[in-house]
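Down below is the structure, laid out as structure tokens.
All values below come from the heavy atoms of this structure, side chains included, with hydrogens, waters and symmetry mates left out. Every chain is numbered from 1, with letters handed out A, B, ... down the list of sequences.
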Amino acid sequence: MSKGLPKRSEDYSQWYNELVKKADLAENSPVRGCMVIKPYGFAIWEKMQATLDKMFKDTGHRNAYFPIFIPKSYLSKEADHVEGFAKECAVVTHYRLKQAADGGGVVVDPEARLEEELIVRPTSETVIWSTYKNWIQSYRDLPLKLNQWANVVRWEMRTRLFLRTAEFLWQEGHTAHETEEEARQETLLMLQVYTDFVQDHMALPVIQGVKTESERFAGAVDTYCMETLMQDGKALQAGTSHFLGQNFAKAFDVKFAARDGGLDYVWGTSWGVSTRLMGALIMAHSDDSGLVLPPKLAPIQVVIVPIFKNQEQLEAISVVASGLIRQLNELGISVEYDDRDTYKPGWKFAEYELKGVPVRIAIGPRDLENNTAEVARRDTSEKQIVKQQEIGAKVKHLLADIQDSIYRKALKYRDQHITDVDSYEAFKSVLETKGGFVRAHWDGTANTEQRIKEETKATIRCIPLDQRQEPGTCIYSGEPSQQRVIFAKAY
RNA sequence: CGGGGUGUAGCGCAGCCCGGUUAGCGCACCUGCUUUGGGAGCAGGGGGCCGCAGGUUCGAAUCCUGCCACCCCGACCA
């Protein structure tokens, strides 16, 4: 349909790359692995941010900002943490450039070497916990529940727009608590906040679970996650919430005077979602004509396209359009009126489909005569003729229906792609032919997990939270198992 | 870092093997006219250090040497 957009069935990954560029979401930057987020893409991210930010504040968190640079020594204070991130850190070694001796540009001034090198943050636990040490003296200072919106850098080998970039935008929440119980509750609360956001706003069903030891965040005691499924049958981790135990408190010596007069280490959590959610949003709902955006996150919810042969017609249509715009704005619906005469209606239709605008209204000479408008929905491409005075109510209903309908479509797809298997043969076969989530028994050892990963490229996405115990035997080793875990090939 | 590939206009490419007028095509862009209910047509126009540096030659996008960059496939990951 769209000019040059590859079909999902032919080359899913090419389809995704082209879609991101053609829909004006983002493009590659001069620096390898980094991206420029374009205004239309950033508008979607801003809506995500605004919604999440409110949810964080409603659950008692406040925003703060910590620096992008971290002294190198900080990173090594928590052993697992440094091991997890050391291989992908950008390092600042100098603070000055100078003219090259041959006059050809600038070079690093060797005399401007830093005493202690600085790490560009891959995540902020270390700076934040070193700061918390100064802020927390007593149980009265707890809980401390902060969030920051920031950029982080992880020097990845292979990058893809939104899904994995060297620099990405995210939010990271960091909380400190008096008791283990309270910290664990916080971890689960934020997992639920994320889940509500992804399901209600992104229209994407998730599976909540806990990570195995080998997939756990570096420095965490437990990592909880939400796993989503993309249209090509691969899983995408949409967000994580970590129970840190007292690991960082001990590493950064964060102690507080307890109610009973004793001195105790605080209990911590951290949780984050990133611009990767943009990738999930794009891949989950879109089709061969372009983006399909859930109305709650669409920067433009309705576009009005006039169809006219001459200036007088356009003026007459514009009068009707401004009436409709007022009607829709009063209902809190964002509308764009595209009266450019440099593009034909057909071109505009294709363009707004590519950009995923949920509802399109076309008004032409016929509609002027009949006091109607043509209303088309992006997700199913159904069109109908609606009386102008009923547009507001109709569109409001339609937006709600689209939001609901794309969620149900994604849910149906997801549910059809959860397969239970009881043998390694069936496991491999499902992965190769059908893809999706595969529920299987696992003996609980990292060794088996590793072997399966090497042999099939599938990883344990999570041990689902809402699942009953069910005795069985591991598909790989034949050892006893208490419950199924979820495997998938993942992004 | 191993294997494969590509660098020519904003984007996508041809030309290179076999050196030789002014480097060409499609899209996009600009101007004008006709168009406008599913990506319009015609006419005119602008835009190039042919990745970089050497070399061979009367002459290099084309041949040789070196370098650089990017993409794809593997090992790492929100």
For RNA chain B, which residues of residues 196-215 of chain A approach it to below 4.0 angstrom with any heavy atom?
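Those residues: none at all.
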
Using a 4.0 Å cut-off on heavy atoms, which residues in residues 314-325 of chain A reach RNA chain B? List them by number, or say none.
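Going residue by residue through residues 314-325 of chain A, none turns out to have a heavy atom under 4.0 Å of RNA chain B.
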
Y352(A) (side chain) donor-acceptor with R378(A) (main chain) under 3.5 angstrom:
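Side chain of Y352(A) to backbone of R378(A): no pair is present.
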
Scan nucleotides 31-36 of chain B against the protein and return all N/O pairs shorter than 3.5 Å with their distances rounded to 0.1 Å.
unit_1, atom_1, unit_2, atom_2, d
U36(B), O2', F308(A), O, 3.2

Decide yes or no, distance alone: a donor-acceptor N/O pair under 3.5 angstrom between the base of G38(B) and the side-chain of K383(A).
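Donor-acceptor pair under 3.5 Å: yes.
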
State whether E227(A) and K211(A) are salt-bridged, where the test is any N-O pair (Lys NZ or Arg NE/NH1/NH2 against Asp/Glu carboxylate O) under 4.0 Å.
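Looking at K211(A) together with E227(A), the answer is yes, because their closest N to O distance falls below 4.0 Å.
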
Just to be sure I understand the rule, does [X] reach a base, reach only the sugar-phosphate, or reach nothing, if contact means heavy atoms closer than 4.0 Å?
| X | result |
| --- | --- |
| Q237(A) | sugar-phosphate |
| G272(A) | nothing |
| S274(A) | base |

Side chain of R366(A): nearest nucleotide among C77(B), G39(B), G37(B)?
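The answer is G37(B), which lies nearest to the side chain.
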
Please check the phosphate of C11(B) (OP1 and OP2 only) for any side-chain N or O of K22(A) closer than 4.0 Å.
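It does not, given that no N or O in the side chain of K22(A) lies less than 4.0 Å from OP1 or OP2 of C11(B).
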
Atom pair distance, as rounded to whole Å: CD in E374(A) and C1' in G38(B)
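Roughly 10 Å, once rounded to whole Å.
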
